Visitor: 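Pasting a structure below so you can have a look.
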Amino acid sequence: MLYKNFISFDNNIDVRESLFSGQSFLWNTLDYNGSYYASILGGVIILIRQVSCREIEVIASDNLINGYVINDFISQYFSIDVDIKSSLTDCIEYRYTGLWSVLQGYFSIKVLRQNPYETLITFMCAQGIGMHLIRRQVSILTHIYGEKKSITLFGKEIILHSFPTPERLSSVDPLVLSACTNNNRIRATNIVLAAQAVADGKIDLQALANPAIPLAELRNTLCRNRGIGYKIADCIALFGLGRFDAFPIDTHVQQYLATWFNSTTALRPLTPARYLLLDAEARTFLNPELAGYAGHILFHCWRKEVKKLRSF
DNA sequence: CTCCAGGTGGCGA
DNA sequence: TCGCCACATGGA
């Protein structure tokens, strides 16, 4: 049994750019009458098609996800409650007019509220390698350790693999898991340890989802785990814990801070101390409460417009 | 061949 | 605290 819904939004939403801008590595593209994007959310198979700039079609294998009806869950997933323009201060509109005009095409990208555990593991796989490779590694991970699920759509069987549970990853030999971490055994070991910590409750992601926790404290807590530094911690916070104030700084962010915002700090190698400096700098021209939201828009814009990179 | 890709941690000064 | 290096592979 499939449940089919249409969801309308008050503002433009770009589903493809949102799902494939490098915040999730768990979506597939299927081509039928137009493109369907497929994944598994909370154990439920979800297919999404963009109908118009403000409407999407959702096909789901269940009418409830984590206790929410589909429309409510998807609206929350795409953070339609957030006004992107409020993440950027007026300073950008008036002082960086060229950038402001290019950014117009990126305001329909939404930052996703994803599963914290899945975000934690996928971003631990994403260190110092290209997005194409990250996507492939995560795909291998789900194929080997995930659960196979399928539905039939338009008379054709669609096969997907769920994300492996913490318990499943806990028992994997790091040497074997390294097939999913670019053969890097250290990272594979760290991922197994993190999965164990989640399974044991030593990493309590539900508790960390409390928005009252100060960002620095959240980051430091996550960083106590091997393989998680400031950047990965901020990614987990931003994409997995709905902390849109978290501002992950990677090689691309460093580049646009230097080029677009004339940061001299960003010209030098990124040490932990400079990471915190850049974080503070960025909050002077971004809305601190939505710094990471703005950062993701800028990040994607930089990669596409300047670096001419593809995210998939 | 060289350089870079959504980094982290260990080391010596 | 800072600079340098290993980790590992693939694509431009």
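Note that the structure is predicted; figures quoted are calculated from it, not measured. Protein chains get the first letters and strands the later ones, always in sequence-line order, with residue 1 at the start of each.
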Visitor: Which whole number of Å gives the distance between the P atom of B:dT2 and that of C:dC5?
Guide: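 Each nucleotide's P atom is 15 Å from the other's.
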Visitor: Determine the Euclidean distance between corresponding C1' atoms of C:dA8 and B:dC4; express it in Å to zero decimal places.
Guide: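 The same atom, C1', in both gives a distance of 14 Å.
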Visitor: Using links of under 4.5 Å between side-chain heavy atoms of ILVMFWY residues, direct or through other members, which residues join A:Val58 in one cluster?
Guide: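 Its cluster mates, by chain and number, are A:Ile7, A:Phe9, A:Ile13, A:Val15, A:Leu19, A:Phe20, A:Trp27, A:Tyr37, A:Leu41, A:Val44, A:Ile46, A:Ile48, A:Ile56, A:Ile65, A:Tyr68, A:Ile70, A:Phe73, A:Ile74, A:Tyr77, A:Phe78, A:Ile80, A:Leu112, A:Phe312.
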Visitor: Between P on C:dA6 and CG on A:Asn183, what's the gap in Å once rounded to a whole number?
Guide: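 A:Asn183 atom CG is separated from C:dA6 atom P by 19 Å.
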Visitor: Would you kindly give the CZ-to-C1' distance between A:Arg185 and C:dT9, to the nearest whole Å?
Guide: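 Nearest whole value for this atom pair: 15 Å.
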Visitor: Can you tell me how far P in B:dT8 sits from the matching atom in C:dG10, rounded to whole Å?
Guide: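 Comparing P positions in B:dT8 and C:dG10 gives a spacing of 22 Å.
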Visitor: Mind listing the residues from residues 280-288 of chain A sitting with a heavy atom below 4.0 Å of DNA chain C? Number order is fine.
Guide: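 Going residue by residue through residues 280-288 of chain A, none turns out to have a heavy atom under 4.0 Å of DNA chain C.
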Visitor: Using a 4.0 Å heavy-atom cut-off, does A:Asn182 contact any base of the nucleic acid, only the sugar-phosphate backbone, or nothing at all?
Guide: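 The answer is base, as A:Asn182 lies within the cut-off (heavy atoms under 4.0 Å) of a base atom.
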Visitor: Protein within reach of the bases, or only the backbone? For nucleotides 3-12 of chain B, mark each nucleotide 5' to 3' as B, S or -, using heavy atoms under 4.0 Å.
Guide: --BBBSSS--
Visitor: Under 4.5 Å between any side-chain heavy atoms of A:Cys301 and A:Leu298, yes or no?
Guide: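 The answer is no, as the side chains (C-beta and beyond) never meet within the 4.5 Å cut-off.
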Visitor: Show which residues join A:Phe6 in its hydrophobic cluster (side-chain heavy-atom contacts under 4.5 Å, direct or indirect), or state none.
Guide: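 Members other than A:Phe6 - counting any ILVMFWY side chain reachable under 4.5 Å - are A:Val51.
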Visitor: If we ignore angles and hydrogens, is there a donor and acceptor under 3.5 Å between the side chains of A:Tyr106 and A:Glu17?
Guide: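 There is no such pair (donor and acceptor under 3.5 Å, judged by atom type) between the side chains of A:Tyr106 and A:Glu17.
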Visitor: If the P atom of C:dC4 is compared with that of B:dC3, how far apart are they to the nearest Å?
Guide: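 Taking atom P in both C:dC4 and B:dC3, they lie 15 Å apart.
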Visitor: What I want to find out is whether A:Asp245 reaches A:Arg243 closely enough, with some N-O distance under 4.0 Å, to be called a salt bridge.
Guide: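 Judged by the 4.0 Å cut-off on N to carboxylate O distance, A:Asp245 and A:Arg243 do form a salt bridge.
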Visitor: Testing the 3.5 Å rule here: is there a donor-acceptor pair between the side chains of A:Ser150 and A:Glu157?
Guide: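 Yes, a side-chain donor-acceptor pair sits under 3.5 Å.
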Visitor: What's in the same ILVMFWY side-chain cluster as A:Leu277, cut-off under 4.5 Å, chained through other members?
Guide: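 Listed partners: none, A:Leu277 stands alone.
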Visitor: Does a side-chain heavy-atom distance below 4.5 Å link A:Asn115 with A:Phe239?
Guide: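 Answer no - side chains too far apart.
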Visitor: Side-chain N or O of A:Arg310 versus OP1/OP2 of C:dG11: is the shortest distance under 4.0 Å?
Guide: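 It does not, given that no N or O in the side chain of A:Arg310 lies less than 4.0 Å from OP1 or OP2 of C:dG11.
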Visitor: Scan A:Arg135 against the nucleic acid and name what it touches under 4.0 Å (heavy atoms): base, sugar-phosphate only, or nothing.
Guide: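 Nothing, no heavy atom under 4.0 Å.
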Visitor: Could you tell me how far C:dT9 sits from B:dC1 if I compare only their C1' atoms? Round to whole Å.
Guide: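 The same atom, C1', in both gives a distance of 16 Å.
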Visitor: For a quick test of your reading: what N or O donor-acceptor pairs under 3.5 Å do the side chains of residues 213-224 of chain A make, sequence neighbours left out?
Guide:
residue, atom, partner, partner atom, Å
A:Arg219, NH1, A:Asp234, OD1, 3.4
A:Arg219, NH1, A:Asp234, OD2, 2.9
A:Asn220, ND2, A:Ala216, O, 3.2
A:Thr221, OG1, A:Glu217, O, 2.8

Visitor: Would you please confirm or rule out a distance under 4.0 Å between OP1 or OP2 of C:dG3 and any side-chain N or O of A:Arg274?
Guide: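 A:Arg274 to C:dG3 OP1/OP2: side-chain N or O found under 4.0 Å.
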